[in-house]
Asks: 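Just dropping this structure here.
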Amino acid sequence: MTMTASPPVATRRTAAERVLVLDFGSQYAQLIARRVREQNVYCEIVRHNIAAERVRELAPKGLILSGGPASVYAEGAPKCDPGLFELGIPVLGICYGMQLVCTSLGGKIENAASSEFGRAEISVSADDALFSGVSSQTQVWMSHGDQVANIADCFTPLASTGTCPYAAVKHKQLPIYGLQFHPEVTHTPEGGTLLANFLEKICGTTGTWKLGDFATETIEQIREQVGDRRVICGLSGGVDSSVVAALLAEAIGPQLSCILVDNGLLRQDEEKAVIKEFGDHFKTDLHVVKAEERFLSVLAGITDPQEKRRRIGHMFIECFAEEAEKINGVKFLAQGTLYPDVIESGAAVDGPADTIKLHHNVGGLPDELGFDLIEPLRDLFKDEVRKLGLQLGLPEDMVWRHPFPGPGLAVRCLGEVTKPRLETLRAADTIVIHEIKAAGLYRETSQAFAVLLPVQSVGVMGDSRTYDDALAVRCVNTDDFMTADWSHLPYELLATISTRIINEVKGVNRVVYDISSKPPATIEWE
């Protein structure tokens, strides 16, 4: 039986007012949708080449054209239906989307003499509803090599930078706007105001969509899809699988069986915690598969991060399927796939997005499975999942647990994955989390963990020379996990973490702190 996924939430939901995001391959397409939802406006992502007639049928209040990695003048570059600009629906083009809007309506795009990547300051030169309440000089996030060199007579400039004369433009007759920068990322502090202005003042939305009815609608859809058949759900102890299990338990009760695959890549005491939490809270039919040796065997000698993920994905589903065969009547597999998982895997829509990395839930799985796939959270961001978990009555300590990658510690153990190296990493990671909690900063940070590096360095312990492992500590703050800044932890806390790791974890003599943001880095190292 070929694996098939349940329809995404977007296709199941009706909305009195909606905004469509046309995806041109941007890694921020889902983030744009996230920002629109923050304004309580329903948003869904569609292909970049959606027909104008189909858009007319959907009757959106507005269209947002995302950024993308291509150049508008390159052969095969993604284009949109030019009929979109004749519908009278407000349009906001962002980065590549702006360049496409301008070139479609008579402008000229060139490779910029001075590319802009990172923070920049724009000067707002025109009084327009889009910039209502925005400072005349404001910081934005740029990420472009091309830019608009000349605009057609039907456009007027709204803002500029020192090297980009058309940082923002507006059509003189039609409700069409373009922004060369990215208002959706947190690095554009007043970007939320810009998007809110576009939605309310340009599109005329009223902000009536809420997350609150998500659980009810999703539970109803699961019941309809599942009927009297059985569902299996993979548990890891993380937020995503916990919320999926809670939804399924509410929807189908005793028709749910949960499987925990102990792959040897879990955090300290993870298996015990999962058994305790789900035994006490869900009273679920829980199966535990002991598979550490099998996973370490297929990972032996492997250092490429994508190959690690593929092998872990294959072994996971092999172990999972073997256990599932012992459960009668299984038809469906439920997974906790989220928006960031999907977009970073290049699978958010059938479009031109580049793949950043394979995710355990959406990559590396065999094409043929004995069950269909249910992914009730694949249209939600992490903060939305947490809110949903609280609505479902999950304990706060479970809901607010930091994310943990599907491939587990394998992608935090750079280089070859071995049992001794995992034990070193696990011990150090436990210290990091313990000290951050002791400092009262666990809820103030979004994700914190240790990374064991394939690097040794010289050190001195006592009177002896050492040549031991280096270990990195990663701690970030983020609202959506699509962009993130490194956490400015107190020096005293960092010193305590470093001292404890070096003194207590055998084989580590150097600790470094990762101060890179996302972008350009990712949160995980692999």
Side-chain angles (χ1 to χ4, degrees), residues 232-238 240-241 257-279 284-327 330 333 335-336 357-371 403-431 433 449-454 469 471 505-508 524-526:
I232 51 175
C233 176
L235 289 179
S236 65
D240 309 335
S241 65
S257 293
C258 294
I259 298 176
L260 169 64
V261 177
D262 183 358
N263 54 15
L265 308 172
L266 303 177
R267 289 170 284 197
Q268 191 78 39
D269 298 323
E270 188 90 57
E271 179 185 327
K272 294 179 182 178
V274 170
I275 294 173
K276 181 177 183 299
E277 288 172 356
F278 288 92
T284 188
D285 176 32
L286 177 61
H287 300 245
V288 179
V289 180
K290 300 284 190 178
E292 179 183 29
E293 291 184 4
R294 295 176 66 177
F295 277 84
L296 291 181
S297 176
V298 299
L299 289 171
I302 303 302
T303 59
D304 179 74
Q306 296 291 63
E307 185 62 21
K308 285 183 185 178
R309 289 176 177 270
R310 290 188 182 94
R311 292 187 178 220
I312 290 169
H314 279 284
M315 181 54 66
F316 171 82
I317 203 63
E318 183 177 310
C319 294
F320 201 96
E322 289 175 4
E323 190 65 25
E325 288 180 0
K326 303 174 185 178
I327 306 172
V330 174
L333 164 66
Q335 292 190 149
K357 58 189 177 183
L358 291 178
H359 278 267
H360 173 59
N361 285 345
V362 290
L365 301 181
D367 293 331
E368 299 295 322
L369 295 176
F371 29 73
F404 189 60
L409 295 179
V411 292
R412 295 176 180 175
C413 183
L414 276 59
E416 185 177 7
V417 179
T418 65
K419 188 168 184 176
R421 296 193 78 218
L422 287 170
E423 290 174 350
T424 297
L425 175 58
R426 194 174 283 117
D429 188 72
T430 300
I431 291 172
I433 299 303
F449 53 91
V451 181
L452 185 60
L453 307 179
D469 290 328
L471 185 135
V505 181
K506 185 178 180 180
V508 176
E524 298 287 348
W525 278 47
E526 289 190 341

Asks: Enter the distance from L471:CG to L414:CG here, rounded to the nearest 0.5 Å.
Replies: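 Answer for the CG-CG pair, L471 versus L414, is 10.5 Å.
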Asks: Taking all non-hydrogen atoms of both residues, which atom of V330 and which atom of A324 are closest, and how far apart?
Replies: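 Closest approach of V330 to A324: CG2-O, 4.1 Å.
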Asks: Can you list the residues that meet the ring pair (Phe, Tyr, Trp, His ring centres under 6.0 Å) rule with F320, with sequence neighbours excluded?
Replies: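 F320 satisfies ring pair (Phe, Tyr, Trp, His ring centres under 6.0 Å) with F316 only.
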Asks: Can you check whether F449 reaches I433 side chain to side chain, under 4.5 Å on heavy atoms?
Replies: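 No, their side chains stay 4.5 Å or more apart.
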Asks: Can you tell me how far OG of S257 sits from CD of E323, rounded to the nearest 0.5 angstrom?
Replies: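 Those atoms lie 9.5 Å apart.
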Asks: Would you check if F295 and V417 make a side-chain contact, meaning some heavy-atom pair closer than 4.5 Å?
Replies: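 When only atoms from C-beta onward are counted, V417 and F295 do not touch, as no gap falls below 4.5 Å.
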Asks: Do L333 and I317 make a side-chain contact, defined as non-hydrogen atoms from C-beta onward lying under 4.5 Å apart?
Replies: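 The answer is yes; the side chains approach within 4.5 Å.
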Asks: Give the minimum heavy-atom separation between D429 and A450, together with the two atoms involved.
Replies: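 Closest pair (atom of D429, atom of A450, distance): OD1-N, 3.0 Å.
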Asks: Closest approach of S241 and G234, non-hydrogen atoms and distance?
Replies: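 It is CB-O, 3.4 Å.
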Asks: Could you pull out all residues at least two apart from P305 that satisfy side chain to side chain contact (heavy atoms under 4.5 Å, CB included)?
Replies: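 With sequence neighbours excluded, P305 shows a side chain to side chain contact (heavy atoms under 4.5 Å, CB included) to E526, given in chain and number order.
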Asks: Does anything in residues 284-297 pair up under salt bridge (Lys or Arg N to Asp or Glu O under 4.0 Å), and if so which pairs, sequence neighbours excluded?
Replies: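 Sorted result for residues 284-297: E271-K290, E292-K419, R294-E318, R294-E322.
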Asks: For the atom pair CD (Q268) and CG (L425), what is the distance rounded to the nearest 0.5 Å?
Replies: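 One gets 10.5 Å once the value is rounded to the nearest 0.5 Å.
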Asks: Give the table of side-chain donor-acceptor pairs shorter than 3.5 Å for residues 296-303, with sequence neighbours excluded, one pair per line with atom names and distance.
Replies:
none

Asks: Are E423 and R426 ion-paired here, with the side-chain N under 4.0 Å from a carboxylate O?
Replies: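 No, no charged N to carboxylate O under 4.0 Å.
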Asks: Between CD of Q306 and CZ of R309, what distance do you get to the nearest 0.5 Å?
Replies: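 Rounded to the nearest 0.5 Å, the CD-CZ separation comes out at 6.5 Å.
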Asks: Measuring from H287:NE2 to I327:CD1, what's the distance to the nearest 0.5 Å?
Replies: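 Atom-to-atom, H287:NE2 and I327:CD1 are 3.5 Å apart.
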Asks: Ignoring hydrogens and geometry, is there a side-chain-to-backbone donor-acceptor pair from K308 to G415 under 3.5 Å?
Replies: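 Answer holds: yes.
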Asks: Counting only pairs under 3.5 Å, give me each side-chain donor-acceptor contact of residues 259-267, with atom names and distances, residues two or more places apart or in other chains.
Replies:
residue, atom, partner, partner atom, Å
D262, OD1, G264, N, 3.2
N263, OD1, L265, N, 2.8
R267, NE, E270, OE1, 2.8

Asks: I'd like to check the side-chain hydrogen bond (donor to acceptor under 3.5 Å, both in side chains) partners of T430; sequence neighbours left out, ordered by chain and number.
Replies: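 Counting only residues at least two positions away or on another chain, T430 forms no side-chain hydrogen bond (donor to acceptor under 3.5 Å, both in side chains).
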Asks: Nearest heavy-atom pair of R421 and C413: which atoms, and what distance?
Replies: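 Looking at all heavy atoms of both residues, the shortest contact is NH1-SG, 3.4 Å.
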